[in-house]
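Atom set for the values below is all heavy atoms of this structure, side chains included, hydrogens, waters and symmetry mates excluded.
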Amino acid sequence: MHVGKGNHDFIDGQAGSPTESWEKIWGVPSNHTFQLSEFAFIIADTSAPQTANIYQAVDIDWLKQQLEAHREAAGIFLIIHIQQRKSGVDGWPKHGLHDPKEVPKGEAVMKLLESTPNVRAIFHGHNHQEAGAYVSGERRYFFDSRVGGSWGAARGYRIVEIDDEHRVVSYQVNGVEDRIISTDKLPG
């Protein structure tokens with residue numbers, strides 16, 4: 001199992017507490033990577049302490065290192081809970097970055113992702129009302145509705161299929177009605 005930290009996954013930091021450390025709980029740091037066959041998966045943390053009341057950009061220095069480490073991968077998929085585009089800009093969903101210090105950092109993250117040739121897709125949670133894809137710099141940014149919670153799009157999940165020729169298709173599934181609501185073929 002691989003986990004990514006969401007904006008409600010707070011760590012209290014008190015020494016000896018069961019929630020003292022994300023890594024202690026899940027066995028991986030909040031920023032981590034793994035490989036599956038010829039493909040790399042990067043899970044990047046965008047959470048902030050509960051008292052900060054902001055959404056954070058990905059640590060770009062860490063991300064650059066991971067992209068470089070996986071430059072030979074057949075494809076790279078990223079899981080980033082908070083979208084890195086400013087909230088509501090150019091038709092993008094609300095609930096993205098909004099803090100004036102974080103917005104330029106997020107755009108730098110997007111520029112990096114869009115200039116890395118083997119990045120195939122970026123997956124976001126957080127936006128409960130979104131269950132589709134946005135395109136920027138020829139990259140697909142997928143929003144995956146919600147698994148839990150009490151508001152937004154129908155509960156659902158996303159399937160990503162990769163065939164023997166490295167073609168990628170992604171399906172968004174309405175889990176309540178058990179039906180596919182969107183299909184996206186990724187370029188490359």
Side-chain angles (χ1 to χ4, degrees), residues 1-7 9 21-47 55-86 92-93 96-97 102-127 130-145 147 156-173 180 182-188:
M1 174 173 63
H2 300 279
V3 295
K5 201 171 179 189
N7 61 300
D9 294 325
S21 162
W22 182 264
E23 189 167 357
K24 186 176 182 180
I25 296 166
W26 296 106
V28 293
S30 58
N31 282 322
H32 66 281
T33 65
F34 64 95
Q35 281 201 236
L36 186 57
S37 185
E38 302 170 68
F39 296 88
F41 295 81
I42 298 173
I43 301 177
D45 186 0
T46 55
S47 63
Y55 302 140
Q56 292 185 326
V58 172
D59 177 341
I60 197 164
D61 294 329
W62 177 84
L63 182 58
K64 284 178 185 176
Q65 291 172 354
Q66 303 317 307
L67 293 172
E68 176 61 25
H70 297 289
R71 73 179 180 278
E72 300 298 323
I76 299 173
F77 298 92
L78 291 99
I79 295 105
I80 303 173
H81 188 69
I82 303 293
Q83 75 185 29
Q84 298 295 281
R85 175 119 313 139
K86 183 178 178 182
W92 278 64
L97 297 179
E102 296 299 314
V103 169
K105 294 177 190 177
E107 287 298 327
V109 166
M110 290 189 69
K111 184 176 180 180
L112 175 62
L113 296 176
E114 293 167 11
S115 65
T116 303
N118 60 340
V119 167
R120 299 295 299 273
I122 300 90
F123 300 96
H124 297 297
H126 189 61
N127 294 56
E130 297 292 327
Y134 288 73
V135 177
S136 178
E138 299 181 22
R139 298 294 178 267
R140 300 300 189 272
Y141 294 82
F142 291 102
F143 291 83
D144 298 322
S145 65
V147 174
Y157 55 93
R158 181 170 295 282
I159 296 171
V160 178
E161 294 179 349
I162 306 169
D163 71 14
D164 291 339
E165 295 180 20
H166 298 165
R167 290 180 296 224
V168 179
V169 177
S170 180
Y171 307 92
Q172 177 69 28
V173 177
I180 294 172
S182 69
T183 302
D184 296 279
K185 293 179 181 177
L186 278 69

K111/E114 salt bridge by N-O under 4.0 Å criterion: no

Donor-acceptor under 3.5 Å (S47 side chain, K5 main chain): no

Non-hydrogen side-chain atoms of R85 and S136 separated by less than 4.5 Å: yes

Between CE on residue M110 and NZ on residue K86, distance to nearest 0.5 Å: 14.0 Å

Option passing side chain to side chain contact (heavy atoms under 4.5 Å, CB included) with L97 (candidates Q56, K105, E107, Q84): Q84

Listed partners of V168 passing side-chain contact (heavy atoms from CB on, under 4.5 Å), at least two apart: F77, R120, V160, I162, L186

A133 to D184 - nearest heavy-atom pair and separation: CB-OD1, 4.2 Å

Pairwise side-chain contact, W62 with D45, heavy-atom cut-off 4.5 Å (strictly under): no

Residues in side-chain hydrogen bond (donor to acceptor under 3.5 Å, both in side chains) contact with E72, at least two apart in sequence or another chain: none

E23: partners by salt bridge (Lys or Arg N to Asp or Glu O under 4.0 Å), with sequence neighbours left out: none

For the student: nearest non-hydrogen atoms of F143 and G125, plus distance: CD2-O, 4.3 Å

Any residue meeting salt bridge (Lys or Arg N to Asp or Glu O under 4.0 Å) with E165, in chain and number order, not counting sequence neighbours: R167

Under 3.5 Å donor-acceptor, N118 side chain and A73 backbone: yes

Distance, nearest 0.5 Å, that separates OG of S170 from CZ of R140: 11.0 Å

Minimum side-chain heavy-atom gap L78-V58 below 4.5 Å: no

From CA spacing to verdict: side-chain contact (heavy atoms from CB on, under 4.5 Å), I43, V3: CA-CA 8 Å; I43 301 177; V3 295; over 6 Å; no

side-chain hydrogen bond (donor to acceptor under 3.5 Å, both in side chains) partners of residues 33-44, not counting sequence neighbours, each pair once: E38-H166

Sub-4.5 Å side-chain heavy-atom contact between L112 and I60: yes

Validation row: W22, P29 side chains within 4.5 angstrom (heavy atoms): no

Sidechain-backbone polar pair: H124 side chain, I80 backbone, donor-acceptor under 3.5 Å: yes

Atom pair CD/CD1 of E102 and I82 - distance to nearest 0.5 Å: 11.0 Å

Spacing of OG belonging to S115 relative to CZ belonging to R139, to within rounding of 0.5 Å: 8.0 Å

Those residues that, when tested against Y171, pass ring pair (Phe, Tyr, Trp, His ring centres under 6.0 Å) (two or more places apart): none

Ring centers of F41, H2 separated by less than 6.0 Å: no

Intermediate values then yes/no, side-chain contact (heavy atoms from CB on, under 4.5 Å), I79 and I42: CA-CA 6 Å; I79 295 105; I42 298 173; over 6 Å; no

Min side-chain heavy-atom separation L67-I76 under 4.5 Å: yes

Side-chain touch Q83/Y55, heavy atoms, less than 4.5 angstrom: no

